[in-house]
**Student:** 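Let me give you the structure first, and then I'll get to my questions.
Along the sequence shown, residues carry numbers from 1.
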Amino acid sequence: MSTIISRKQFTNHKIYKTELAGRPFSIEVGKIAELANASALVRYGDTTVLVAVTAAARPRDGVDFFPLSVDFEEKLYAVGRIPGSFMRREGQPSLPAVLASRVIDRAIRPLFPSDFRNDVVVTCTVMSVDYDCSPEVCAMIGTSACLAISDVPWNGPIGCLEVGYVNGEVVMNPTREQKHNSILDLTVAASAEKIIMIEAGAKELPDDAMCEAIFKAHAEIKAQVDFIQQIVAEIGKEKMSYDQADFNHELFDKMVAATMDQARAAMDTDDKNVREERWNALIDRWHELFLEEYPDMDQYLEEITYKFQKKIVKAWLLEGHRVDGRKKNEIRPLDAEVGVLPRVHGSGLFTRGQTQVLSICTLNTLSANQKLDTIWEETEKRYMHHYNFPAYSVGEARGARSTNRREKGHGALAERALEAVIPAVEDFPYAIRVVSEVVSSNGSTSQGSICGSTLALMDAGVPITAPVAGISCGLIQDGDAFTTFIDIQGVEDFHGEMDFKVAGTKKGITAIQMDIKNDGLSHAIVTEAIETTRDARFAILDEIMLPCIAEPRKEVSQYAPKMVKMKIDVDKIREVIGSGGKVIQKISAESGAKIDIEDDGTIYIAAENAEACDAAKRMIDEIVFVPEIGKLYYGKVVRILTFGAFVELAPGKDGMVHISKLAEKRVEKVEDVVNVGDMVWVKVTEIDEKGRVNLSLRDAQRELKALEAKEERN
């Protein structure tokens with residue numbers, strides 16, 4: 001006979017509860033996914049995310065980097081929907097899911113040991129969503145807790161908050177309604193002492209307000225860190241020992257002693273290709289000097305190169321010297337150009353040093369809006385920004401691959417930076433797509449794409465509310481001493497400790513993205529980075545971009561579709577569409593225009609030329625025409641009866657003039673005044689309960705004579 005033992009006897013099931021922005025928050029461990037290194041079911045309000053952390057027991061062979069993977073998995077059952085794909089399964093991650101994965105990655109990666117090479121995978125599965133409680137925040141805090149209590153070496157914990165700015169007030173973890181009214185969408189991750197990750201989109205928020213929001217979030221996050229540390233104190237595992245990444249320090253020290261002068265000379269240039277050529281010559285010199293004594297030296301060359309260059313770059317920057325000879329707040333040579341490509345609707349080429357981005361703007365009807373099938377509320381996107389980073393842009397011989405997470409992230413950053421200035425659909429009823437092609441890269445391509453895309457939008461005639469420029473700020477630190485520097489190029493990004501990207505207008509910030517390689521930033525560094533980038537983006541706008549194109553073009557390109565907007569009564573939508581869409585299809589076929597009808601009766605008509613738009617509009621006007629009492633109309637007599645004449649006011653819309661209202665005097669016979677085919681002025685005197693229209697030719701004549709007399713007097 002089988003014996004059943006209750007599972008509850010063998011679990012270490014615990015639930016840790018607190019509050020987050022006034023809403024219940026809990027971390028439940030010891031019940032689900034116990035074979036992972038650590039797991040937790042994290043609940044925030046009714047939002048539920050399962051977080052699991054796993055790590056390989058041994059380092060991956062042949063890698064010189066930390067192989068961390070973060071997957072934010074959105075399940076449509078979380079919002080009670082079935083996927084819209086043919087297979088009715090979730091496919092590749094949506095863009096918001098990719099961005100959530102990147103945000104978590106950027107927050108936790110700097111806190112792993114630099115010599116750790118074991119694979120680590122963080123999986124955050126969103127299982128239910130309460131739109132008042134962010135699943136991204138839930139996943140970030142859950143990831144921090146799981147890494148902290150696991151045996152995986154990690155120098156956390158951290159906390160996370162979303163921040164809004166509503167009616168002049170900073171709001172922590174805003175609700176759905178507050179988000180709709182907020183001019184800020186900010187995510188901050190931090191340890192108890194330092195800020196580790198910032199991701200922000202804003203509607204031209206002033207710099208001081210942005211700093212206030214970041215620092216208030218950090219103050220609130222400290223309570224989260226304390227909460228996680230209490231969990232660690234109770235159930236945290238001892239951290240596993242690991243094989244530290246192999247590196248020959250003896251060989252490195254000998255190389256530094258023997259070739260430092262040659263290495264400095266190799267680095268001291270503003271040309272990326274020259275630097276690489278000189279460094280390759282240095283590697284040949286190393287082979288001459290050390291290969292016989294260290295026959296395995298080639299396996300260390302990549303890391304030796306990194307450490308050697310970082311040693312030089314860090315020392316120079318702390319002394320105030322930059323690799324290309326610039327001052328710390330000096331921007332590389334800039335250039336801007338619009339109208340680069342024929343036929344496209346708008347194009348802009350932005351150059352900063354050896355970084356070049358060519359952005360192209362395309363306009364289409366609103367039916368080209370991107371349809372979204374995600375766990376988030378947004379169901380479609382009107383403005384789309386895509387970023388491509390081909391291998392040739394960095395001089396590599398590598399075939400094209402599918403769009404990677406970095407490209408998606410940089411495109412989303414540019415999209416967020418420009419979204420604040422895109423005109424409302426009521427003012428500019430177009431779907432808008434901008435593609436940024438990185439044709440040459442030596443650092444700050446994402447910010448170059450923001451500048452280039454501003455140029456392309458203005459060239460396309462998109463009436464953006466203000467031009468946007470983007471710039472990045474770097475950091476070198478030595479203990480408490482630090483140096484920030486503007487417009488980082490590739491080698492400074494690679495060897496520096498921060499890439500603080502800020503985009504904005506003259507009025508305020510529209511986007512921030514912060515990447516770091518150290519254990520976080522002090523408030524002083526954040527403040528200085530924001531101040532420094534503000535001055536730089538003003539200079540880029542005033543000295544380069546606005547002299548190139550001062551304002552959006554007054555008209556869209558001749559190759560862009562022309563657009564007409566009109567509004568009809570909601571009750572008339574059915575008449576315009578017709579049974580099975582026959583009427584609207586007939587209008588499109590006869591006019592050559594494309595027609596989109598919104599549920600509120602707004603109609604967008606698009607065509608290659610204005611004449612086709614006008615033709616379609618006239619047809620729709622005729623269908624929805626409703627005569628108004630007291631107005632005059634010029635119509636055709638289409639039928640005569642003994643008691644009156646019928647006048648066509650619009651196709652299919654007739655009214656009757658009774659014989660008594662044909663003239664001032666008594667009329668014996670209708671044909672004595674009008675005949676079929678005559679064009680006459682009539683006035684609408686009545687519309688009865690059945691919709692029948694009564695007209696008066698006599699009253700129309702009186703009114704016309706009165707107008708003529710008035711004009712003669714004037």
Side-chain angles (χ1 to χ4, degrees), residues 62-66 114-115 117 244-328 330 332-333 353-355 393-397 440-444 472-479 481-499 515-518:
V63 299
D64 57 358
F65 61 92
F66 169 45
S114 61
D115 57 357
R117 298 292 181 267
Q244 296 180 338
D246 192 21
F247 182 72
N248 193 324
H249 292 278
E250 180 184 85
L251 173 60
F252 177 72
D253 291 341
K254 288 183 178 181
M255 287 177 169
V256 170
T259 62
M260 176 56 83
D261 289 343
Q262 186 178 350
R264 285 176 179 271
M267 294 294 291
D268 200 4
T269 175
D270 62 352
D271 192 314
K272 179 180 178 181
N273 293 326
V274 171
R275 185 181 307 113
E276 290 180 0
E277 182 180 340
R278 291 175 180 175
W279 200 267
N280 288 334
L282 178 61
I283 291 174
D284 291 339
R285 178 61 177 159
W286 287 343
H287 281 117
E288 292 175 9
L289 294 173
F290 305 111
L291 187 59
E292 184 175 345
E293 184 179 358
Y294 301 95
D296 60 346
M297 65 176 286
D298 281 349
Q299 68 176 296
Y300 305 113
L301 277 183
E302 192 162 344
E303 190 162 0
I304 285 173
T305 292
Y306 174 79
K307 289 182 180 296
F308 210 145
Q309 291 184 351
K310 184 176 181 70
K311 187 179 185 71
I312 295 170
V313 171
K314 181 174 182 177
W316 276 351
L317 286 170
L318 288 171
E319 295 168 3
H321 173 80
R322 298 182 70 171
V323 171
D324 54 7
R326 282 183 290 150
K327 298 175 182 177
K328 73 171 189 174
E330 184 178 353
R332 287 172 290 174
Q354 289 183 309
T355 291
S393 67
V394 288
E396 293 182 1
S440 180
S441 172
N442 189 17
S444 292
S472 58
C473 180
L475 170 74
I476 285 292
Q477 237 177 329
D478 187 14
F482 69 89
T483 297
T484 61
F485 45 96
I486 203 67
D487 182 24
I488 59 177
Q489 61 173 306
V491 68
E492 293 171 331
D493 184 12
F494 192 57
H495 298 299
E497 294 169 61
M498 176 182 79
D499 182 4
D515 297 324
I516 61 170
K517 298 187 182 77
N518 59 14

**Student:** Apply ring pair (Phe, Tyr, Trp, His ring centres under 6.0 Å) to Phe290 and list each qualifying residue two or more places apart in sequence or on a separate chain.
**Tutor:**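 Ring pair (Phe, Tyr, Trp, His ring centres under 6.0 Å) check on Phe290 returns nothing, list empty.
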**Student:** Is it the case that atom NZ in Lys310 sees more than 12 heavy atoms from other parts of the structure closer than 6.0 Å?
**Tutor:**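 Atom NZ in Lys310 is crowded, with more than 12 foreign heavy atoms closer than 6.0 Å.
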**Student:** Which heavy atom of Pro295 sits nearest to which heavy atom of Glu292, and what is that distance?
**Tutor:** CD-O, 3.9 Å
**Student:** Identify the two heavy atoms, one from Lys311 and one from Val256, that lie closest to each other, and give their separation to 0.1 Å.
**Tutor:** CE-CG1, 4.1 Å
**Student:** Rounded to the nearest 0.5 Å, how far does NZ of Lys314 lie from CG of Asp478?
**Tutor:** 5.0 Å
**Student:** Would you give the length of the straight line joining atom OH of Tyr300 to atom CZ of Phe247, rounded to the nearest 0.5 angstrom?
**Tutor:**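 Result: 9.0 Å between the selected atoms.
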**Student:** Report the residues that fulfil salt bridge (charged side-chain N to carboxylate O under 4.0 Å, His left out) with Lys307, sequence neighbours left out, ordered by chain and then residue number.
**Tutor:**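 Once residues adjacent in sequence are excluded, the partners of Lys307 under the salt bridge (charged side-chain N to carboxylate O under 4.0 Å, His left out) criterion are Glu303.
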**Student:** If only side-chain N and O atoms count, and only distance matters, is there a donor-acceptor pair under 3.5 Å linking Ser444 with Thr355?
**Tutor:**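 Ser444 and Thr355 do not have a side-chain donor-acceptor pair below 3.5 Å.
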**Student:** Who pairs with Ala281 by side-chain contact (heavy atoms from CB on, under 4.5 Å), at least two apart in sequence or on another chain?
**Tutor:**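 Expected list: none.
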**Student:** Identify each donor-acceptor pair in which a side-chain atom of residues 259-270 lies under 3.5 Å from a protein atom, sequence neighbours left out, and give them as a table.
**Tutor:**
residue, atom, partner, partner atom, Å
Thr259, OG1, Met255, O, 2.7
Thr259, OG1, Trp286, NE1, 3.0
Thr269, OG1, Asp271, N, 3.1

**Student:** Output the distance between atom OG (Ser441) and atom NZ (Lys272), rounded to the nearest 0.5 Å.
**Tutor:**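 Interatomic distance, Ser441 OG to Lys272 NZ, rounded to 0.5 Å: 5.0 Å.
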**Student:** Residues in side-chain hydrogen bond (donor to acceptor under 3.5 Å, both in side chains) with Asp296, at least two apart?
**Tutor:**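 If we apply the side-chain hydrogen bond (donor to acceptor under 3.5 Å, both in side chains) test to Asp296, skipping adjacent residues, the hits are Gln299.
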**Student:** Who pairs with Glu288 by salt bridge (charged side-chain N to carboxylate O under 4.0 Å, His left out), at least two apart in sequence or on another chain?
**Tutor:** Arg285
**Student:** In chain order, what residues pass the side-chain contact (heavy atoms from CB on, under 4.5 Å) check against Glu302, with sequence neighbours excluded?
**Tutor:**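 Result, side-chain contact (heavy atoms from CB on, under 4.5 Å) vs Glu302: Asp64.
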**Student:** More than 12 heavy atoms of other residues, nucleotides or ligands under 6.0 Å from CD of Glu277: is that the case?
**Tutor:**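 Result for CD/Glu277: open.
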**Student:** Could you give the distance from NZ (Lys517) to CG (Asp515), rounded to the nearest 0.5 Å?
**Tutor:**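 The NZ atom of Lys517 sits 8.0 Å away from the CG atom of Asp515.
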**Student:** Listed by chain and number, what are the side-chain contact (heavy atoms from CB on, under 4.5 Å) partners of Glu250, not counting sequence neighbours?
**Tutor:** Asn248, Lys254, Tyr294
**Student:** List in chain and number order the residues that pass side-chain hydrogen bond (donor to acceptor under 3.5 Å, both in side chains) with Trp279, two or more places apart in sequence or in another chain; answer none if no residue qualifies.
**Tutor:**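 side-chain hydrogen bond (donor to acceptor under 3.5 Å, both in side chains) list for Trp279, sorted by chain: Thr305.
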**Student:** Identify each donor-acceptor pair in which a side-chain atom of residues 483-497 lies under 3.5 Å from a protein atom, sequence neighbours left out, and give them as a table.
**Tutor:**
residue, atom, partner, partner atom, Å
Thr484, OG1, Glu528, OE2, 2.5
Asp487, OD1, Arg332, NE, 3.4
Asp487, OD1, Arg332, NH2, 2.9
Asp487, OD2, Arg326, NH1, 3.3
Asp487, OD2, Arg332, N, 2.8
Asp487, OD2, Arg332, NE, 3.1
Gln489, OE1, Asn442, ND2, 3.2
Gln489, NE2, Asp324, OD2, 2.9
Glu492, OE1, Arg322, NH2, 2.8
Glu492, OE1, Gln489, N, 3.2
Glu492, OE2, Arg322, NE, 2.9
Glu492, OE2, Arg322, NH2, 3.4
His495, NE2, Gln309, OE1, 2.9
Glu497, OE2, Gln477, N, 2.9

**Student:** Among all residues two or more places apart in sequence or in another chain, which pass the side-chain contact (heavy atoms from CB on, under 4.5 Å) test with Asp298?
**Tutor:**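 For Asp298 the side-chain contact (heavy atoms from CB on, under 4.5 Å) partners, ignoring immediate neighbours, are His287, Leu301.
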**Student:** Who are the salt bridge (charged side-chain N to carboxylate O under 4.0 Å, His left out) partners of Glu396, not counting sequence neighbours?
**Tutor:**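 Checked Glu396 against salt bridge (charged side-chain N to carboxylate O under 4.0 Å, His left out); matches are Arg398.
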